[in-house]
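Take a look at the structure set out below.
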2 protein chains.
Amino acid sequence: MELDRLDRDIIAALVEDARQTYAEIGQEVGLSASAVKRRVDRLRESGAITGFSAMVAPAALGWTTEAYVELFCQGKTKPSDIALAVARYPEVVGAATITGEADALLHIRATDVRHVERVIERIAAEPFVVRTKSAIVLSRLVDSPPGTTLPDARNGSHVPG
Amino acid sequence: MELDRLDRDIIAALVEDARQTYAEIGQEVGLSASAVKRRVDRLRESGAITGFSAMVAPAALGWTTEAYVELFCQGKTKPSDIALAVARYPEVVGAATITGEADALLHIRATDVRHVERVIERIAAEPFVVRTKSAIVLSRLVDSPPGTTLPDARNGSHVPG
DNA sequence: AGTGAAAACTTTACGAC
DNA sequence: GTCGTAAAGTTTTCACT
């Protein structure tokens, strides 16, 4: 889908505060409230905006500990096998297959280090997992909501739109 | 801050859809619209809810490639040094200091693999960086907004509230 | 894309538990 | 102290230009 400058500005405004009114966004980007609404509706339908969510301080809900776990899997494990398995753990908040020695990298949130340990133990027991290698997060330095900024043409990269 | 069951249900509803009306949330959790609003205001003031954001499909904005980069730093590098340095890169969407051989793990979003390469090159040139080890993401399997689910008492862990 | 009016939602005030 | 109801003020929504 084609996104023009206005669409990008509207998205940026909504990423910053999803509860701004259409009139406020309109002032920022130079459009009337109804024009903004039409574009937001279109952006949602097209899938560019996938939803609106409250940002929570994980610690406030008890998720005080996080870890990254590399997964080393058996030769013919499919990404979908890994996806299905790890999706069953609420503690796994992110997962991706990656290049390099490991097959996948998991991002885990837990209540404490003991909890992390238990989750890794259970994941390591999945049939396709050969071994795991984990790193506990000491302190989080950066945590941007994805899409806050836009790709910058100065990188010499292709910028769609 | 103390969160009771109602607060947690309200947060869960808002994480799922931050643009639900207070009346809708009230129906789900069993409160009136104004009672829900009062609690949401309190949750925002206390910092449990840090904001509301549009969720964007990164690919729609041109961020089609992601990578994880381990940073190995000089002996007396402080976490704040790393934080300050990497915060200047819009491509760095996540960063944390970790246990293990590496000192920090960065999460990078870029427009393509060439772009990832350029960013790593520039980060590797930071004065405190000794070396880097990167893994390109092949496919993302899980990407939960943090706090979607609540810690489960069955894990035997401390659940605040 | 903008305008304006109706419907819906948010916000505040007040009384009850 | 927290709830629900209700009135006032905004915002959303939609037909029309």
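In what follows, every heavy atom counts, from backbone to side chain, and hydrogens, waters and symmetry copies are set aside. Naming convention: chains lettered A, B, ... in sequence-line order (proteins, then strands); numbering from 1 in each chain.
Straight-line distance from the CZ atom of B:R39 to the C1' atom of C:dT10: 19 Å, rounded to whole Å. To the nearest angstrom, P of C:dC9 lies 12 Å from CD1 of B:I25. Taking atom CG of B:D41 as the reference point, atom P of C:dT11 lies 7 Å away to the nearest angstrom. Distance CG (A:L31) to P (D:dT12): 14 Å, rounded to an integer number of Å. C:dT10 atom C1' lies 13 Å from atom CZ of B:F52, rounded to whole Å. Rounded to an integer number of Å, the gap from B:L6 CG to D:dG1 P is 18 Å.
Within the 4.0 Å cut-off from OP1 or OP2 of C:dT11, at least one side-chain nitrogen or oxygen of B:Y22 is found. The side chain of B:K37 places no N or O atom within less than 4.0 Å of a non-bridging phosphate oxygen (OP1 or OP2) of C:dT10. Phosphate contact (OP1/OP2 of C:dT12, side-chain N/O of B:R38, threshold under 4.0 Å): absent. Neither OP1 nor OP2 of D:dT11 sits under 4.0 Å from any side-chain N or O of A:R19.
For B:Q27 and B:Y22, the side-chain atoms include no donor-acceptor pair closer than 3.5 Å.
Electrostatic pairing of B:E126 and B:R88 counts as a salt bridge here, judged by a charged N lying under 4.0 Å from a carboxylate O. Between B:R8 and B:D4, no side-chain nitrogen of the basic residue sits less than 4.0 Å from a carboxylate oxygen of the acidic one, so the salt-bridge criterion is not met.
Nucleic acid contact class of B:S34 (heavy atoms, under 4.0 Å, all strands): base. No contact: B:R42 has no heavy atom under 4.0 Å from any strand.
DNA chain D is contacted by both A:A33 and B:V36; B:V36 maps to the nucleotide lying nearer its 5′ end (nearest heavy atom per residue).
The closest donor-acceptor contact from the side chain of A:T50 to the backbone of A:G47 lies at 3.5 Å or more, if one exists at all.
Of the candidate nucleotides C:dT10, D:dT12, D:dG4, D:dG4 has the atom lying nearest to any side-chain atom of B:S32.
A:R44 and A:G51 get closest at one heavy-atom pair: NH2-CA, 4.4 Å.
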